[in-house]
2 protein chains.
Amino acid sequence: MRDVAVRAGVSTMTVSRVLNEPGKVSEEMRERVLRVVREIGYLPNHLAGNLSSSRSTTIGLIVPSIDNSIYTQTVKGLSEVLKRSGFQLMIAESGYDPNEEEELITIFLSQRVSGLVLHSTEHTPQAAEKIRKSGIPVVENGNIPEEPLDMVVSFSNHDASYAMTMHLGRLGYRKIAFASLYSVHNDRSKDRLQGYQAALKQLGLDPDPRIVLETERGLAAGAEVVARVVQSVPEVDALFCAGDVLAVGALFECQKRGWPVPGRLALASFDDVDLLRHVSPSVSTLRLPRYDIGERTARILLSRIMDGAEHLRGSVIDLKFELIQREST
Amino acid sequence: MRDVAVRAGVSTMTVSRVLNEPGKVSEEMRERVLRVVREIGYLPNHLAGNLSSSRSTTIGLIVPSIDNSIYTQTVKGLSEVLKRSGFQLMIAESGYDPNEEEELITIFLSQRVSGLVLHSTEHTPQAAEKIRKSGIPVVENGNIPEEPLDMVVSFSNHDASYAMTMHLGRLGYRKIAFASLYSVHNDRSKDRLQGYQAALKQLGLDPDPRIVLETERGLAAGAEVVARVVQSVPEVDALFCAGDVLAVGALFECQKRGWPVPGRLALASFDDVDLLRHVSPSVSTLRLPRYDIGERTARILLSRIMDGAEHLRGSVIDLKFELIQREST
DNA sequence: GCTGTTTTTGGTAGCGGTAACAATAGAATC
DNA sequence: GATTCTATTGTTACCGCTACCAAAAACAGC
C-alpha cells in the first residue's frame, strides 16, 4: 500500500480511504489512486486491515459432520447471504464431540471471527464461558435449546416429531415404532424422541420400549431397523424414522420382503430429501426449512455485526415446518 | 499478551515463545507463563500473529456449489487432515461461474490464505495470473486439466467415462446412450463426453447425437432422460448416466414403466453413492476416490506450505477409480 | 579463575493497515 | 475583508504479535 501511495503521490491514508470510504475522497484522487492500484495489481492485506480496525469479515461455522447432506442446504443459505455482504465462512466439524467443539470455538475466537454459528446445541460450560467473554454474536441452528447461548434460528425437533406421530395416530395406526440416530451428544435426537413420546401420550397409546430404536446413519441401518422392530413386536403397524435416509432403507427392506406399504407397515420420514418423493410408494415426511435457517441465521448475524442491533440479542426464531402426507402412510 | 507478560514478570517475547516454541524456554518460565495464561483466559490473536510472521493457517476452498453431496466427502478428507495440522478451511462457492471464481480468489488472496484448493479447472486468465503472482500453492481437484495452474489431485473423468462405456460395449450393448450434466463451464462433463466418444470409436460403434443428452441435476432429470432417449431412438439398449443421481431417477422411471433392467435398458452410473447398491436392481457404477482426493490434496498442500517442498510444484496425482459391476448391466 | 561457547531472555523495530486528530484550502457568512 | 465552517488530505500512534539481534546467564574447558 505504501507503494501505491508513493506512486500516486498521496499518503497511505488517502489510499486506504479510496478503497474503503470512496465517498470521502475527491474524484481526482480516487481516479489517480485506482489507476495505480490497477497498474501494479495491488491487493489489500485484510489481515492487517482487520487487526488495525479490530473488525473482521469472517464467520465461523461448526457442524457435527461435514459429509451430512442435511446441512448443506443450510450452509448454502448462510453462504449466499454472507457473500453478498462480503463476509467469508470458515467451516469446521466437531464430530458430535462437545470437547472438540470447544477447541474449535477457541480457534475461531483466536482468528477473531466476528460471529459464530453452531449446529449443535450441546456445549461444554467452558465453551459457553469463552463465547460469553468474547462478546461476539452467536446463532445456534440445529434445535431450539432450553438455555440458548445467544440467538437461535431453527425449527423445533420436538414439535416436528410430535406432529408426525400425531399424524400417524390420527390415521389409525396403533403400534407406532420410532427410530432415530443415536442421541448421545445429540439433543436433536433426544427432542425427537420426546416429541414422539408426548404424542403417544396424547393419543392414549402405551409407550413400548421394544419399538423405540437408535441406530446409525445410512440405508443399511434403515433396513436393519425394520428387521429388529418386526422381530420383537410383529404387530407393529407403523414406523417413524426420525433420521437421515433411514426411511428409504426401511422402504427398500419392505420391498425386499414383499410387504405392502402402508398395508403391512406404514412409513414416515423426517426430512424432505428429493428421493422420498420419487420412490414408490412415495414417503410421508416433514419439510424442514433448511435453507431458510441458513438465510435467517446470516441475516440476524449481520444485523448484530454491522448495525450493532443489540435488541436482537437472545432472539429465538422458530421457523415453521410442514407435514407432507404421501402414499406411505 | 502484554497483560500476561506483566503479570508473569517476563517480556512479551517470552510469552510468545512459550506459546509457539515451548522448547526454547526454560521449564520454570513455561509454567509461570502458562499459569497466567490460564488464569486470565488469554486468547492469542492469530490475526496479529499471522500479520507479523506473514504466515497463515488458512486454506481457501472454492467449490462450484456447496449443496452438492458429491463434494462433501472430498471436503471431509481435506478438513480432517488440515485440522490435524492446525489449519482452517475457508469455503466459498462459485456457482459454476469463472468470473465469480476469480472474485473469490481475489478475496482469498487478500485474506492471505496460505494455500488454495479449486474444484473447477476452468479459470479466467486474470485468476491464473493473480495466483501465479501470489506464489501460493494451489491444488485443482475436479479433473485433470491439460494446463494445470500448479498441482492436481484428481481422477480422470475422461478415463472413467471411457472405462464404463467400454464395459457396456464388452457386455454386448450396441446402442449406448449417454447423459451428463450441462457441460457449459464444466470441463468434467466435457471430459466424460469425450471418454464416452473415444470408447464408442474403440468399440466400432457409430456415435448417434440423438442419444447424447445434457441435463440438470436431480432425480426428475434422470427420469426425463429415459423418456427423451427412448422416444427418439427406441432401439437404445443401455444408458450411461454420467452425473449426479441421474441413474437413480432413470431407474425409477424404468420401474414405473415396468421395464426390466437391464433386460429392456441397461443402466450405469458415475459415482458410487450408497443408494445405488441398495436399489433393486443394484446399479453398476464407478467408485471414485472422493475422500482420498481431499486427503491427498491436504497432504500435498501442507508439504508445500510447511516443508517448502518445491519439488512438488506442478505435481499431477491421478488417483485410481474402480468399476463396480452390479445387476443393472 | 578466566575465556569461549551455548542457552535463555529481553529490547526494538516492524508486519500493513486504520483511528483519531491536525492541517490546509476553499466556500460561506456577515 | 475577516471570520467561521466544511471538505479534503496528511501526520502520528498504535492494533498484537514476531523476527532479529543484543544482553545476560549458565555451562565448559583448561
Side-chain angles (χ1 to χ4, degrees), chain A residues 1-34 36-37 40-58 86 106-114 134-136 306 308, chain B residues 1-34 36-37 40-58 86 106-114 134-136 306 308:
Chain A
M1 173 155 145
R2 162 154 282 105
D3 198 23
V4 176
V6 172
R7 285 178 195 241
V10 299
S11 73
T12 59
M13 209 47 238
T14 303
V15 177
S16 174
R17 285 202 189 94
V18 168
L19 266 28
N20 299 309
E21 307 163 295
K24 295 196 172 176
V25 161
S26 71
E27 182 88 16
E28 189 208 336
M29 284 290 150
R30 211 181 312 151
E31 280 179 17
R32 181 136 55 108
V33 170
L34 285 178
V36 177
V37 165
I40 68 172
Y42 163 72
L43 261 189
N45 185 328
H46 273 198
L47 289 180
N50 290 342
L51 174 62
S52 181
S53 63
S54 46
R55 276 183 263 107
S56 97
T57 56
T58 305
T106 308
I107 293 172
F108 279 155
L109 292 179
S110 275
Q111 308 265 14
R112 298 299 189 264
V113 295
S114 54
S134 79
I136 66 170
M306 309 217 294
Chain B
M1 174 155 142
R2 163 157 279 105
D3 197 24
V4 176
V6 172
R7 284 179 197 241
V10 298
S11 73
T12 61
M13 212 41 242
T14 302
V15 176
S16 174
R17 284 201 189 94
V18 169
L19 265 27
N20 299 310
E21 310 163 294
K24 294 194 173 178
V25 161
S26 71
E27 181 88 15
E28 190 208 334
M29 283 290 151
R30 210 181 312 152
E31 282 178 15
R32 182 140 50 113
V33 170
L34 285 178
V36 178
V37 166
I40 68 171
Y42 164 71
L43 262 190
N45 184 328
H46 273 198
L47 288 181
N50 290 342
L51 175 61
S52 181
S53 62
S54 48
R55 275 182 264 109
S56 96
T57 56
T58 305
T106 308
I107 292 173
F108 278 155
L109 292 178
S110 275
Q111 308 266 12
R112 298 301 190 264
V113 296
S114 54
S134 79
I136 66 169
M306 309 216 293

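Residue numbers start from 1 in every chain, and the chains themselves are labelled A, B, ... in the order their sequence lines are given, proteins ahead of strands.
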Query - Chi angles and distances behind the side-chain contact (heavy atoms from CB on, under 4.5 Å) call for B/V10, B/M29 - result: CA-CA 8 Å; B/V10 298; B/M29 283 290 151; 3.4 Å; yes

Report summary line: Looking only at C/dG11, C/dT9, C/dG17, the nucleotide nearest the A/N45 side chain is C/dG17

Query raised in the report: Are A/Y42 and A/L19 close enough, and set up right, to give a side-chain contact (heavy atoms from CB on, under 4.5 Å), and what steps lead you there?
Result: CA-CA 11 Å; A/Y42 163 72; A/L19 266 28; 3.6 Å; yes

**Report entry** Whole-Å distance separating the CG atom of B/L19 from the P atom of D/dT18
**Finding:** 8 Å

Requested in this report: Assess whether one donor atom and one acceptor atom, taken from the side chain of A/R112 and the base of D/dG16, lie less than 3.5 Å apart.
Outcome: no

**Report entry** B/E21 CD - C/dT7 P separation (whole Å)
**Finding:** 15 Å

Requested in this report: Would you mind reading off the distance between B/D3 atom CG and D/dC15 atom P, rounded to a whole angstrom?
Outcome: 13 Å

Requested in this report: Assign A/S54 to base, sugar-phosphate, or nothing according to its heavy-atom contacts below 4.0 angstrom with the strands shown.
Outcome: nothing

Requested in this report: State which of C/dT9, D/dT18, C/dC15 makes the closest approach to the side chain of B/S53.
Outcome: D/dT18

**Report entry** Whole angstrom value for the distance that separates C1' of D/dC15 from CG of B/L43
**Finding:** 17 Å

Report task. Please step through side-chain contact (heavy atoms from CB on, under 4.5 Å) for the pair B/L47 and A/Q111, ending with a clear verdict. Result -> CA-CA 6 Å; B/L47 288 181; A/Q111 308 265 14; 5.6 Å; no

Query raised in the report: Where the side chain of B/S26 is concerned, which of D/dG16, C/dT9, D/dT18 is the nearest nucleotide?
Result: C/dT9

Report summary line: Picking from C/dG16, D/dG10, C/dT9, the nucleotide nearest the side-chain atoms of B/V25 would be C/dT9

Query raised in the report: Would one find a side-chain N or O of A/T14 under 4.0 angstrom from OP1 or OP2 of D/dG10?
Result: yes

Query - First of B/A48 and B/G23 reached from the 5' end of DNA chain C, by closest nucleotide - result: B/G23

Query raised in the report: Between D/dG16 atom P and B/M1 atom CE, what is the distance in whole Å?
Result: 11 Å

**Report entry** Sugar-phosphate, base or nothing in reach of A/N50, heavy atoms under 4.0 Å
**Finding:** nothing

Query raised in the report: So do the side chains of B/I107 and B/S110 get within less than 4.5 Å of each other, counting heavy atoms only?
Result: no

Query raised in the report: To the nearest angstrom, how far is A/E31 atom CD from D/dT9 atom P?
Result: 12 Å

Query raised in the report: To the nearest Å, how far apart are B/L47 CG and C/dG16 C1'?
Result: 13 Å

Report summary line: Taking every heavy atom of B/T12 against every heavy atom of B/A5, the minimum-distance pair comes out as N-CB, 3.7 Å

Query raised in the report: So what does B/R17 touch, heavy atoms closer than 4.0 Å: a base, only the sugar-phosphate, or nothing?
Result: base

Query raised in the report: Reckon A/R2 has a side-chain N or O less than 4.0 Å from the OP1 or OP2 of C/dG14?
Result: no

Report task. Establish, with yes or no, whether the OP1 or OP2 oxygen of D/dT18 is under 4.0 angstrom from a side-chain nitrogen or oxygen of B/S16. Result -> yes

Report task. Quick one: do B/V25 and B/E21 satisfy side-chain contact (heavy atoms from CB on, under 4.5 Å)? Show the steps, please. Result -> CA-CA 8 Å; B/V25 161; B/E21 310 163 294; over 6 Å; no

Query raised in the report: DNA chain C: A/Y42 or B/K24, which has the more 5' nearest nucleotide?
Result: B/K24

Query raised in the report: NA contact type, A/R30, heavy-atom cut-off 4.0 Å: base, sugar-phosphate, or nothing?
Result: nothing

Requested in this report: Take the protein atom CE of B/M13 and the nucleotide atom C1' of D/dA19, then report the distance between them rounded to whole Å.
Outcome: 7 Å

Query raised in the report: Can you find a donor-acceptor pair, distance only, under 3.5 Å between A/S11 side chain and D/dG10 base?
Result: no

